[in-house]
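Down below is the structure, laid out as structure tokens.
Keep in mind the model is a prediction, meaning the values are calculated, not measured. Whatever order the structure lists them in is the order used to number ligands and atoms, beginning at 1.
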Amino acid sequence: MDSDLTAPTTMGQADPIDTLPPTFRWGVATSSYQIEGAVAEDGRTPSIWDTFCRVPGAVANGDHGDVACDHYHRMPQDVALIADLGLDTYRFSVAWPRVQPGGRGPVNPAGLAFYDRLVDELLGRGVDPWVTLYHWDLPQELEDAGGWPVRDTAYRFADYAELVFDALGDRVKTWTTLNEPWCSAMLGYAYGAHAPGRRNLGDGIAAAHHLLLGHGLAVQRLRAAASGPVDLGITVNLATADPATDSPADRDAARAADGLGNRLYLDPLIHGRYPEDVVADLAREGVRIPVEDGDLAVISTPFDVLGVNFYFGQVFSGVDERGRDRDDDGRPVQRVVRRELPRTAMDWEIVPESFTELLVRLSQDYPGVPMVITENGAAFDDRPDADGFVADDDRVAYLAEHLRAVARARLAGADVRGYFAWSLLDNFEWAYGYDKRFGIVRVDYDTQRRTPKRSALWYRDTVRRVRRER
Ligand code: FCB
């Protein structure tokens, strides 16, 4: 554990990472369903992911989160890993069906007790807990009642948020309402790739609106319930969408992709309005956002920190391979153009310079909102040695380049205050199952043995260096 790894920069130049301030926040992130296992213990009821994993063909290899990293039973050991890496913050999520089985009614003390112990364990090791209230594990009963496309789910979420806050708010000072509402809404309800696996654009858009409404309601409830200062926020996944050329068709394809992926969330959250161009795009598809009076005021309730998750960027063309700008149904073409760039095991393009551009743009288009990178990281085809150690130089390079991108964005004026690597552990990567490994710590799923990878040691040493600890 004593290697001193410094990822290479251009010879002779100072590493931009060293311009990050000593006060910068450093962490790792995980989520409940991806690591906990123990899906039927202490009163937990099924979530949409438990159900989805049982749909033949939905998840690679028929994988599921029944055991995952067995974190539910190994929590103190995992907290020790975080502390030993010298990180100051741990971002984890609370499983709704654990603390409020079925998604309504009273709290389940046995389920809540797990998070109580986790928070105490973290604080005892000098690590700040950062709670995400919803990282995709909707109680199945709420899905049976209509799920996120139904307005009532937003109110159920606000009730649940308040229950968790009542229990942990005395010790947890940073709260994220939702993780990546685009994924919940679009992957879950419009594209069918994630739980609950529906494929209907109208459902996806209704889900997006009700997720945002749930966020706003929860921020209001938590703010009212707080007796002292708390930082409240939301985490969005943002991918850059650049036009392949300057042609009007390409520019429009990129505009539409940026609109549906990024601005549909950021604009209502921060400016209190849905972007007109996206509303028009949706209207052409016969889809209307189910906004009711007062919703946008709720959604744009001021919050304290915008969590940004960044993994990749894309380039779009408005012309298909046959040169047409309309598809067979007369819709404008929106084609992702593959660039000749290095990629991760997810087939995601590695574009750290887009990360800098994105953060600078956010600081200009949505000024005054402090940002924290709540997820960034990469899956690669790790090859452990006989001791289970992974010399993941590709992941070290990815993390280093993206941290440099953050540092450059800060130098250009973006107010980014922290960075959390995704993820502490290899874990259940949703529809990809256990095939894709994002951890900086390897998990041997046969033995549940944890082995820090070279990237974990590099991260530890980088954090020390930036904090001027040696
Ligand atoms: C994000 C999710 C996270 C993980 C990473 C790779 O979209 O928030 O749970 O799956 O991608």
Side-chain angles (χ1 to χ4, degrees), residues 27-37 47-50 52-53 58-60 63-65 68-69 71 90-96 130-138 176-191 193-195 204 207-208 211 215 233-240 261-262 265 306-314 343-351 355 358 372-382 392 394-395 398-399 402 419-441 443 453 455:
V28 276
T30 63
S31 89
S32 45
Y33 190 69
Q34 294 181 276
I35 65 167
E36 286 179 358
S47 78
I48 53 175
W49 271 96
D50 297 274
F52 189 65
C53 288
V59 174
D63 287 345
H64 50 70
C69 305
H71 171 73
Y90 176 45
R91 172 180 180 247
F92 61 93
S93 80
V94 172
W96 188 347
W130 177 308
V131 166
T132 298
L133 285 160
Y134 184 73
H135 199 127
W136 309 353
D137 35 8
L138 184 72
T176 291
T177 54
L178 307 173
N179 179 67
E180 302 189 348
W182 177 88
C183 291
S184 299
M186 300 306 277
L187 294 180
Y189 290 92
Y191 306 144
H194 278 187
L211 281 152
H215 153 81
I234 183 169
T235 278
V236 287
N237 56 304
L238 302 172
T240 49
N262 302 329
Y265 301 88
L306 178 69
V308 175
N309 291 359
F310 179 84
Y311 289 94
F312 61 90
Q314 288 179 323
R343 286 162 185 272
T344 70
M346 299 292 282
D347 207 28
W348 293 344
E349 290 176 351
I350 302 176
V351 284
F355 195 15
L358 169 74
V372 166
I373 310 309
T374 41
E375 287 179 27
N376 174 242
F380 289 106
D381 294 324
D382 290 344
D392 56 343
D394 37 16
R395 190 173 287 104
Y398 181 98
L399 295 173
H402 285 76
Y419 175 95
F420 306 160
W422 182 270
S423 181
L424 171 66
L425 303 170
D426 291 335
N427 59 44
F428 174 76
E429 180 45 37
W430 308 113
Y432 294 87
Y434 296 96
D435 275 355
K436 303 294 179 210
R437 291 175 177 269
F438 276 88
I440 58 173
V441 174
V443 176
K453 303 178 191 176
S455 53

Nearest-neighbour protein heavy atom for [atom], which is reported as residue plus atom name and distance:
atom	result
atom 7 (O) of ligand 1	E180 OE1, 2.5 Å
atom 10 (O) of ligand 1	E429 OE1, 2.7 Å
atom 5 (C) of ligand 1	Y311 OH, 3.3 Å
atom 2 (C) of ligand 1	E375 OE1, 3.3 Å

Flag, side chain of T132 to backbone of T177, donor-acceptor distance under 3.5 Å: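 Side chain of T132 to backbone of T177: no pair is present.
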Student check: side-chain heavy atoms of W49 and H194 closer than 4.5 Å: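 Side-chain contact under 4.5 Å: yes.
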Side-chain heavy-atom pair Y33, W136 within 4.5 angstrom cut-off: no
Q34, K436, H194: member with heavy atom nearest to atom 9 (O) of ligand 1: Q34
Sub-4.0 Å heavy-atom approach of N179 to ligand 1: yes
Any M346 heavy atom less than 4.0 Å to ligand 1: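 M346: no contact with ligand 1 (<4.0 Å).
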Taking only heavy atoms of [X], which atoms of ligand 1 are found under 4.0 Å from at least one of them?
X	value
W136	2 (C), 7 (O), 8 (O)
H135	2 (C), 3 (C), 8 (O), 9 (O)
F438	6 (C)

Y311 side chain to N237 side chain, donor-acceptor N/O pair below 3.5 angstrom: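 On atom types as modelled, these side chains do not qualify, holding no pair under 3.5 Å.
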Side chains of S32 and D137, donor plus acceptor under 3.5 Å: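 Distance-only check passes for S32 and D137.
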Residues in ring pair (Phe, Tyr, Trp, His ring centres under 6.0 Å) contact with Y90, at least two apart in sequence or another chain: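 With neighbours one apart ignored, the set is F92.
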Residue list, ring pair (Phe, Tyr, Trp, His ring centres under 6.0 Å) with Y189, at least two apart or on another chain: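 By the ring pair (Phe, Tyr, Trp, His ring centres under 6.0 Å) rule, Y189 matches no residue at all.
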Side chain to side chain contact (heavy atoms under 4.5 Å, CB included) between L178 and S184, worked out: CA-CA 9 Å; L178 307 173; S184 299; over 6 Å; no
Close N or O approach (W430, ligand 1; < 3.5 Å):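 Between W430 and ligand 1 (N or O atoms, distance only) the closest approach is under 3.5 Å.
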